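Worksheet: the structure to be examined is printed underneath.
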Amino acid sequence: MSIYDTLNPQQLEAVKHNKGPLLILAGAGSGKTRVLTHRIAYLIDELDVNPWNILAITFTNKAAKEMRERVDNIVGYGSENIWVSTFHSTCVRILRRYIDCLGYDKNFTIYDTDDQKTLIRDVCKYLNIDTKTYKERSLLSAISAAKNELITPERYERESQGDLTKSKYASVYKEYQKRLKQNNALDFDDLIFKTVELFENHTDALEYYQKRFKYIMVDEYQDTNTVQFKLISTLASRRNEDGIIENNLCVVGDDDQSIYKFRGANIYNILNFEKQFPSTKVIKLEQNYRSTSTILDAANEVIHNNLGRKDKRLWTDNGEGEPLSFTQFDTEYEEANEIVSDMYNLILNDGHDYNEFAILYRTNAQSRIFEEKLILRNIPYKIVGGTNFYQRKEIKDILAYLKTIDNGLDDIAVKRIINIPRRGIGLTTIDRVTDYAIWNGMSFYEALKHAESIPGLGRGTSKISPFVSLIEVLKSKMANPAYSLEDLINEVLEATGYLSELEAEDTEEAQGRIENINELINKVVSYEKTTEEEPSLSGFLEEVALVADIDNLEDSNNVVVLMTLHSAKGLEFPYVYLCGMEEGIFPSYMCINSDDPTDIEEERRLCYVGITRAMKRLYLSAARQRMVRGETQFNRPSRFIGEIPRYLLSQSSSSGNRYSAGGNSSSQFGGSPAKTPYYGSGSTQKGGTWTPQENTQSDGKDVFANNPFITKGFGGSSKLGPTTFDKIKPSPAVIDYGVGDTVKHIKFGVGIVSEMVKQGDDYVVSVDFDTLGTKKMKASFAKLQKL
DNA sequence: CTCAAGAGCCTTTTT
DNA sequence: GGCTCTTGAG
């Protein structure tokens, strides 16, 4: 029995294809990672390909890590030589070696979105551009779009002649790029663009990598943009010994899951792959191993409404399963409350694990209410996305110190921390130093060293020198190989007084920040222990710059996860709650109002991604009324609900006000061939009165009805950020109480234990609280204290 | 230079 | 509704 026996015929065909371009159209849940890993194994084991010659590219570190693990498991020997990494880290690795050819220093820093914003602000200030007329956001996205299309500042300038707005953009782009170089920094888009540039201008570098990467595999190919395409197609177009271009390029993707157009993804990369590479072998994987046929049918029906797609239809022999459900609640509070209590019951009564559940939504802002409700019920959870750990103030501050020590050319980092903690260095001083630096063609930090010769600084001079010597001392300490990164961070915290200042604050918020800083120290320690290369400050900063929040999602953590539909791509959960299914929310009003009709198709693909995350059950929901940006909106159910055939869906409404589930043309749902008005029901208001829509009866079964555990109202607004909360792990509870004992709960206060039911290793404890009534909770999480 | 209060803007999605 | 930037008083 070989490892290939478990593959279906199409999968096997893909695995065995070993020469020339291969396009695998892999539907959701069709085992594409299996195919990729088995193909790698096949190349090595059966065709004697050197592992060193294989490159596998993914989009997220999580996907890379997963693939690495699975490859390690099935490839016996030499698997560590396979290069498995993300687009961005692949490029960083190449650039660290060759970027000096492009006039950058090899220890360049990587700018994240916040850094980019700061830089663009500086640029606008310098160029006297009013950021009210030219928004930073649009400037940045124009620059990003240009880079994604391989347009240099020079070309942008040339092509914008005669157009005033475009010329302004061009000048900003040019100056922005100039400053990046001065700061020895690259933004995310540069990482790939510069690598392509390197390959175009330095054939020795290109040849080296072409020779090395004889077999290239790309995952999530539908999300590649023009530069990324250029990168891989360049790498894959080496001439072999016989002078023939082999294009051993295997791409895996699903055009129905292309959801990153806003980031420059070019869906034509996958739709036209066969045209780009005429000898392409195309293999479709349509058997789904994840979901019930009901879930798949719903997904198929929804996506069928898109025009620009390759024809395919997922099928499964997993059986029919339960119908989907759709519930329309009155408010978003009710929606969150009922979802959480429904989940709570499934966990408590049916013994499900927390990590079988996911709550998915369109926008990050929707997570907050769920967070409140989950805290209230003591359900451990993790919110993926939103503000990433490394974007937190305290973390960015510490990192800015490290960056300053590592690369004094990075003005943005230096300016961030020059007055943190307070050193009495204000805006005036900073501006003077900046002018001096520009005038003398030096970096900001370099100018600080010459503070005494800067005119007009006055008292500022004496404030600057302690800062400079602090950095210099730390720099010289770093030169000692015995001095670890952990030592460095601790010294920064110590010498700046950053930590003691937080400790002195003595608030819950400061406590959270300290915990985050400790978490950062943990990450440094683990980096120093586990990195394959020699640990270095640059290396750590680079690793940190390229992590996405999703990368930290450990499957082993038994928690409920909350995330956007975008983040959920590639994941699966037995039970999925897809909430906020409303016109104006999902699809977002942006696409509804967009001039580009394909925008709504992207939104529909996002819906398809959401539906296909569910393995066993999918719960869809909407709210009639919802606060968005301080404004109450009244939205109709999403058009996507209307696109799911009636027989797959059990529908209900939370109030007595039920509406009938019409067919696809039903007017309750948003969407119609004609352009739809802004909001589903066409009304928004602040205060005032509003009459609910006329809704007719429904025979739908209300899956959330009569839930005994509903608590009305909510209160537990928490200051805890996700990163502090997700650390809660189930631990065997010390249970020193029994029925009749008085216990204390951290949130609910004092109550009396009325019942204890054993469930696995745990107990479900019912406690009567004076004011709140009876609550059920798991002993291991409730951390009840006997009084 | 720092802090506090108010104005205004925003949010769709992220490596 | 909440975050960030601006404004004005110490």
Side-chain angles (χ1 to χ4, degrees), chain A residues 57-64 85-92 110-114 116-118 121 131-132 135-138 140-141 144 147-148 186-193 220 223-225 227-228 258-265 332 360-369 384-388 390-391 393 419 421-431 458-460 463 542 544-551 563-569 580 584-594 599-600 602-603 605-607 609-610 626-633 686 717:
Chain A
I57 297 189
T58 62
F59 272 84
T60 64
N61 293 299
K62 185 180 195 307
S85 77
T86 65
F87 267 104
H88 295 271
S89 22
T90 300
C91 292
V92 170
I110 301 165
Y111 275 2
D112 68 12
T113 325
D114 285 339
Q116 287 181 287
K117 247 196 193 154
T118 315
R121 211 169 295 156
T131 48
K132 288 208 170 76
K135 294 258 175 300
E136 290 153 16
R137 273 170 41 89
S138 16
L140 275 173
S141 66
S144 175
K147 288 182 179 178
N148 286 332
L186 276 74
D187 65 19
F188 286 132
D189 301 315
D190 276 345
L191 293 176
I192 301 167
F193 194 3
E220 306 283 11
D223 291 329
T224 52
N225 59 32
V227 219
Q228 286 161 341
S258 160
I259 54 174
Y260 283 109
K261 190 171 137 198
F262 72 93
R263 194 165 82 187
E332 76 266 38
L360 307 181
Y361 35 77
R362 178 67 238 268
T363 65
N364 282 308
Q366 290 167 259
S367 66
R368 182 164 249 117
I369 320 177
V384 176
T387 25
N388 170 324
Y390 294 103
Q391 289 172 329
K393 268 188 223 79
N419 201 29
R422 307 255 121 79
R423 295 187 178 91
I425 302 173
L427 212 66
T428 332
T429 311
I430 292 174
D431 280 348
R459 211 164 291 123
K463 305 263 171 68
E542 157 193 327
V544 152
L546 296 177
V547 296
D549 205 34
I550 192 85
D551 300 335
M563 65 184 111
T564 62
L565 290 156
H566 282 88
S567 298
K569 192 169 61 139
I585 302 290
F586 187 34
S588 77
Y589 75 92
M590 290 285 214
C591 326
I592 295 176
N593 289 346
S594 164
D599 281 356
I600 200 78
E602 173 134 326
E603 209 75 351
R605 290 192 291 269
L606 195 54
C607 183
V609 166
R626 174 185 302 270
M627 279 281 253
V628 181
R629 271 173 288 157
E631 195 180 53
T632 306
Q633 288 184 5
K686 268 187 170 163
S717 94

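Remember, predicted model here, so these are calculated numbers, not experimental data. Here is the naming used below: chain letters follow the sequence lines, and residue numbers restart at 1 for every chain.
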What integer distance in Å separates A:Lys393:NZ from C:dT4:C1'? 10 Å
Give a yes/no answer on whether the side chain of A:Arg422 brings an N or O atom under 4.0 Å of OP1 or OP2 in B:dC3. yes
A:Arg137 side-chain proximity, nearest of B:dT13, B:dT11, C:dC5: B:dT11
Of all the nucleotides listed (B:dT11, B:dT14, C:dC3), which has the minimum atom distance to the side chain of A:Arg368? C:dC3
Please name the residue in the list A:Asp190, A:Asn148, A:Leu191 that meets the side chain to side chain contact (heavy atoms under 4.5 Å, CB included) test with A:Val227. A:Asn148
Sugar-phosphate, base or nothing in reach of A:Arg626, heavy atoms under 4.0 Å: nothing
For B:dT13, does either OP1 or OP2 sit under 4.0 Å from a side-chain N or O belonging to A:Asn364? yes
Name the nucleic acid region contacted by A:Lys62, choosing base, sugar-phosphate or nothing; use a 4.0 angstrom heavy-atom cut-off, strictly under. nothing
Tell me whether the OP1 or OP2 atom of B:dT11 has a side-chain N or O from A:Arg362 closer than 4.0 Å. no
Side-chain (A:Asp551) to main-chain (A:Lys62) donor-acceptor, under 3.5 angstrom: yes
Quick check on B:dT14: is either OP1 or OP2 less than 4.0 Å from any side-chain nitrogen or oxygen of A:Thr113? no
Please report the distance, rounded to the nearest Å, between NZ in A:Lys117 and C1' in B:dT14. 13 Å
CD of A:Gln391 versus P of C:dT4: gap in Å, rounded? 11 Å
For A:Leu360 and A:Ala568, work out which heavy atoms get closest and say how close. CD2-CB, 3.8 Å
Please tell me which of A:Val628 and A:Ile425 maps to the more 5' nucleotide of DNA chain B, matching each residue to the nucleotide holding its nearest heavy atom. A:Ile425
Could you check whether A:Thr428 gets within reach of a base, just the sugar-phosphate, or nothing at all, counting any heavy atom under 4.0 Å? sugar-phosphate
Quick one: the side chain of A:Arg263 and the base of B:dT15, do they pair up donor-acceptor inside 3.5 Å? no
Just by distance, do the side chain of A:Glu603 and the backbone of A:Cys591 share a donor-acceptor pair under 3.5 Å? no
For the pair made of NE2 in A:His566 and C1' in B:dT15, what is the distance, rounded to whole Å? 13 Å
Residue closer to the 5' end of DNA chain B, A:Phe188 versus A:Thr429 (nearest nucleotide): A:Thr429
Taking only the side-chain nitrogens and oxygens of A:Asn419, find out if one of them lies under 4.0 Å from OP1 or OP2 of B:dT2. yes
A:Leu191 CG to B:dT14 C1', in whole Å, measures 14 Å
For A:Leu140 and B:dT11, what is the distance between atoms CG and P respectively, to the nearest whole Å? 12 Å
Can a donor-acceptor pair be found, under 3.5 Å and without considering hydrogens, that links the side chain of A:Asn419 to the backbone of A:Ile425? yes
d(CG, A:Asp599; P, B:dT13) in whole Å: 15 Å
Closest nucleotide among C:dG1, B:dT15, B:dT14 to the A:Arg629 side chain: C:dG1
Find the distance A:Gln228:CD to B:dT15:P and express it as a whole number of Å. 12 Å
Contact under 4.0 Å: A:Thr564 side-chain N or O vs B:dT14 OP1/OP2: yes
Hey, is the side chain of A:Ser588 poking within less than 4.0 Å of OP1 or OP2 on B:dT13, counting only N and O atoms? no
Using a cut-off of 4.0 Å on non-hydrogen atoms, how would the nucleic acid contact of A:Leu606 be classed: base, sugar-phosphate, or nothing? nothing
Closer than 3.5 angstrom, by distance alone: can the side chain of A:Arg362 be matched with the main-chain N or O of A:Ile585 as a donor-acceptor pair? no
Can A:Phe59 be classed as stacking with the base of B:dT15, given a centroid separation cut-off of 5.5 Å and a plane angle cut-off of 30°? no
OP1 or OP2 of B:dT15 less than 4.0 angstrom from a side-chain nitrogen or oxygen of A:Asn225, does that happen here? no
